[in-house]
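The block underneath contains the structure these notes are about, expressed in structure tokens.
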Amino acid sequence: MENCSHLLGASTPLTRSYSTELHFSDGNLILQADQTCFRVYGGFLADRSPVFRDMLSFPQPPDAELMDGVPLVHVPDSAKDLNVFLKAMFLYEFFPPFPTRTDFPTYQTEELYKRALVHFSSAFPMDLSEVTRFPSWELDNTLLIPHKSHAHDDQAEETRYQLHPDDALRCVEQTLAFVTAAAADLLEFLWVPEIIPGCTRHVACLANRLSLRRETEAWRSHHHVALLNLVDDHDWSDLAVCHACMGVMHAQYEGALQTFWASLPGRFGLPEWSVLRAMKNEATK
């Protein structure tokens, strides 16, 4: 950063400085956050952000603070947040792609909000086939509530937002339901039917199925519930059953997953996935 404290007078501490990343020499507005100064284009910001439009619409008083002959506006946000926002506005390629996390104010800038929404919603797929990981961030957002409840809580320290109390209560209620009925439905393939048609090793196959059931039940009773990952690839590869049993069990389990996934929004009083998907498309178009 280039020191700009010479503009403040000899008695002022030499602490204020220009940003080297966002300093346009022909800019007509200087924003200061903390002790960092950003020289940018006021008209550009006003055209895209109602916050800046309102801020800059007031006539400047005769004694308005200037820096290098340019109006100076103090912004209450941190220099870090303002820096990221301005980069996203002026440096189009800056906006980091998913899954990089973003966290900065949008100043009600519609296009930036839409880009952020597309970016953020990428972490919360609406089709079971697209689910690859289970975030645990708490967000008071209709499109995201179901994901919080079934997610494993490995990233609890990353939580930055809080659910609305009504949604939090639903999550508690559904967590209890997931531990009991929902998990039992997903694992039913391990004991029903007792003898699978076409099985060539009845005793051995049933014993191995029940062994996996005991393991999953023990895991489920001592860990947070991650229902979409109750049985993983490692479990399937270690399951010593005949070819006929394996095929039927896979089909049963996939069907149970689809049924659970379809029920997820309704468990929280939300419309079905197709409606939520249409809401998302409308919000981001």
Side-chain angles (χ1 to χ4, degrees), residues 97-101 120-139 143-159 171-265 267-268 273:
F98 175 79
T100 303
R101 294 191 64 171
F120 188 76
S121 63
S122 299
F124 301 90
M126 295 188 175
D127 293 299
L128 181 58
S129 60
E130 298 175 358
V131 176
T132 57
R133 62 189 182 88
F134 312 122
S136 63
W137 308 324
E138 294 182 355
L139 293 149
L143 303 179
L144 309 182
I145 291 171
H147 290 272
K148 169 56 188 173
S149 60
H150 76 71
H152 195 290
D153 208 23
D154 286 337
Q155 299 177 349
E157 71 279 2
E158 295 290 339
T159 299
C171 282
V172 172
E173 293 172 342
Q174 286 305 314
T175 295
L176 296 176
F178 292 168
V179 171
T180 54
D185 289 343
L186 287 171
L187 296 175
E188 187 178 61
F189 73 97
L190 292 173
W191 64 89
V192 178
E194 181 175 334
I195 303 298
I196 292 177
C199 177
T200 57
R201 300 184 300 141
H202 294 171
V203 175
C205 286
L206 181 58
N208 288 322
R209 290 166 62 198
L210 294 179
S211 176
L212 179 56
R213 176 187 176 184
R214 286 190 294 271
E215 290 179 15
T216 55
E217 290 289 350
W219 181 89
R220 182 164 60 92
S221 64
H222 291 93
H223 295 77
H224 294 286
V225 180
L227 288 182
L228 301 183
N229 200 33
L230 281 175
V231 183
D232 57 23
D233 292 340
H234 179 75
D235 294 321
W236 286 111
S237 63
D238 286 349
L239 187 57
V241 296
C242 70
H243 181 74
C245 285
M246 184 64 77
V248 171
M249 292 167 64
H250 260 295
Q252 282 185 256
Y253 183 60
E254 289 301 319
L257 281 176
Q258 292 288 349
T259 298
F260 170 73
W261 183 260
S263 75
L264 200 53
R267 291 174 179 271
F268 299 89
W273 285 117

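This structure is a prediction, so every number in the text was calculated from the model and none was measured.
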Under the side-chain contact (heavy atoms from CB on, under 4.5 Å) rule, collect the residues that match up with [X], sequence neighbours excluded.
X	answer
Leu206	Glu194, Arg209, Leu210
Ser211	Arg214, Glu215
Ser263	Phe260, Arg267

Do you know the tightest heavy-atom contact between [X] and [Y]?
X	Y	result
Cys199	Cys245	SG-SG, 3.5 Å
Leu186	Tyr253	O-CD1, 3.3 Å
Met246	Leu239	CE-O, 3.6 Å
Val192	Gln252	O-NE2, 3.0 Å
Met249	Ile196	CG-CD1, 3.8 Å

Salt bridge (charged side-chain N to carboxylate O under 4.0 Å, His left out) partners for Asp233, two or more places apart: none
Qualifying residues under side chain to side chain donor-acceptor pair (under 3.5 Å), relative to Asp185, sequence neighbours excluded: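 Result, side chain to side chain donor-acceptor pair (under 3.5 Å) vs Asp185: none returned.
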By side chain to side chain donor-acceptor pair (under 3.5 Å) - contacts of His243 (at least two apart): none
Non-hydrogen side-chain atoms of Leu228 and Leu128 separated by less than 4.5 Å: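 Touching, per the 4.5 Å side-chain cut-off.
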Within-4.5 Å side-chain heavy-atom neighbours: Thr216 and Leu230: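 Result no, sub-4.5 Å side-chain heavy-atom pair not found.
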Aromatic ring pairing Trp236/His250, orientation class (parallel under 30°, perpendicular over 60°, tilted between):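 It falls in the parallel class, under 30°.
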